Amino acid sequence: MRFVATLLMWVVTTLLLAIALPAAWVQQNLVDADGYAALTQKAAADPGLQSAMASELTTQVARLGTGVNTGTVSLVASTYTSSASFPGQFALANRFAHRWLFTDQIRSSVDEQGRWVIDIAPMLSDTAFKETLSDYNITVPASVPIPLTDNAPAVLRPGALRPVATYGPWASIGLAVLAGLAALLTLFIARSRGKMLVGLGWRRCWSVRRVGPQ
């Protein structure tokens, strides 16, 4: 009976760890606004993303002025997106998108059609664009919203994930506590606590590898 109880508790602990670790990662990197901003800041180092943003910035500059040489602006935009200032400003822009989903503070994160947008005004206000925009007599508006999608699914609606932001931290903590209690109970029941520690430790390492670095 003791062996069966130990095995059962090991399975329960394993399942709880398999749920708790991804939940903690999601809470830290997606639900939390600062964590999400940090994640997007890291993503800004990707050359593909830099190229896409340079193209979008070039398009927006062309819309703000007349007679714009897109070749020149594209070169400036590419230089900017590969600079040290781009990741931080890209993360700042993505905070608008995060606020749109996870809070009810949505006015600055949607356009007239209710589409999900990010504001790239801080990017165009960077010193990298100053001289070029001045040459074309372009003044950057206070806000330059860029729609991320025209036909957002039901889940991507203003404030749709607000309950996740409200209860997510409690759920993440609760799962971690349950996993810890289950692990302690497993050790208490087990005859060979050393072997059980090894078993639980291996399982946790395997779960962390699947989830990614914390």
Side-chain angles (χ1 to χ4, degrees), residues 26 28-165 212:
V26 169
Q28 180 180 348
N29 296 282
L30 298 180
V31 179
D32 181 75
D34 292 333
Y36 181 73
L39 187 67
T40 56
Q41 186 167 340
K42 292 179 182 178
D46 179 70
L49 187 148
Q50 292 175 357
S51 177
M53 281 304 305
S55 177
E56 184 61 44
L57 290 169
T58 301
T59 299
Q60 294 305 314
V61 170
R63 288 177 179 175
L64 291 173
T66 57
V68 174
N69 186 322
T70 55
T72 300
V73 176
S74 178
L75 180 60
V76 172
S78 297
T79 302
Y80 161 69
T81 55
S82 60
S83 70
S85 61
F86 171 67
Q89 292 173 353
F90 180 73
L92 178 63
N94 273 278
R95 283 182 180 272
F96 285 88
H98 188 277
R99 186 184 303 125
W100 189 86
L101 273 177
F102 287 93
T103 76
D104 57 359
Q105 302 173 15
I106 59 174
R107 292 184 180 179
S108 60
S109 304
V110 292
D111 61 7
E112 293 81 0
Q113 289 76 42
R115 296 175 297 182
W116 188 15
V117 302
I118 63 173
D119 186 3
I120 64 169
M123 298 185 192
L124 293 178
S125 299
D126 188 81
T127 53
F129 288 97
K130 185 176 182 179
E131 183 176 350
T132 301
L133 295 179
S134 178
D135 290 341
Y136 295 112
N137 296 317
I138 295 176
T139 300
V140 179
S143 177
V144 183
I146 303 298
L148 297 180
T149 178
D150 289 324
N151 298 303
V155 69
L156 296 181
R157 298 299 178 190
L161 298 182
R162 188 182 180 188
V164 178

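Predicted, not measured: the structure shown is a model, and the values here were computed from it.
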Point to revise | Side-chain donor/acceptor of Tyr136 to backbone N/O of Ala62, under 3.5 Å | key: no
**Study point:** Heavy-atom pair of closest approach, residues Gln89 and Asp126
**Key:** NE2-OD1, 3.2 Å
Exercise for review: Keeping the roles fixed (side chain from Thr81, backbone from Ala77), state whether a donor-acceptor pair exists under 3.5 Å.
Suggested key: yes
**Study point:** Closest approach of Ala44 to Pro87 (non-hydrogen atoms, all atoms of both residues)
**Key:** CB-CA, 3.6 Å
Practice item. Could you tell me the separation between the CG atom of Asp119 and the CZ atom of Arg95, rounded to the nearest 0.5 Å? Key: 14.0 Å
Practice item. May I ask you to decide if the ring planes of Tyr80 and Phe86 are parallel, tilted or perpendicular, using 30° and 60° as cut-offs? Key: perpendicular
Revision key, fill the gap. Rounding to 0.5 Å, atoms CG (Leu30) and OG1 (Thr40) come to a distance of 10.5 Å
Review point. Can you tell me how far the CD1 atom of Ile120 sits from the CD atom of Glu56, to the nearest 0.5 Å?
Key: 6.0 Å
Study note, to complete from the structure: Taken to the nearest 0.5 Å, the spacing of Gln50 CD from Leu57 CG works out to 11.5 Å
Point to revise | side-chain contact (heavy atoms from CB on, under 4.5 Å) evaluation trace for Leu64 with Leu133 | key: CA-CA 9 Å; Leu64 291 173; Leu133 295 179; 5.8 Å; no
Check your understanding: Which atoms form the tightest heavy-atom contact between Ser74 and Thr58, and what is the distance?
Key -> CA-OG1, 3.3 Å
Review point. Under the 3.5 angstrom rule, does the side chain of Ser134 hit a backbone N or O of Lys130 as a donor-acceptor pair?
Key: no
Point to revise | Whether Ser82 side chain and Ser78 backbone form a donor-acceptor pair below 3.5 Å | key: yes
Practice item. Applying salt bridge (Lys or Arg N to Asp or Glu O under 4.0 Å), name anything that partners Asp135, two or more places apart in sequence or on another chain. Key: none
Point to revise | Side-chain heavy atoms of Gln41 within contact of Leu92, under 4.5 Å | key: no
Check your understanding: Heavy atoms, side chains only, cut-off 4.5 Å: are Val140 and Phe129 in contact?
Key -> no
Point to revise | Spacing of His98 atom NE2 and Asp32 atom CG [to the nearest 0.5 Å] | key: 7.0 Å
Study note, to complete from the structure: Shortest non-hydrogen pair, Pro141 vs Ala121, comes out as O-CB, 3.8 Å
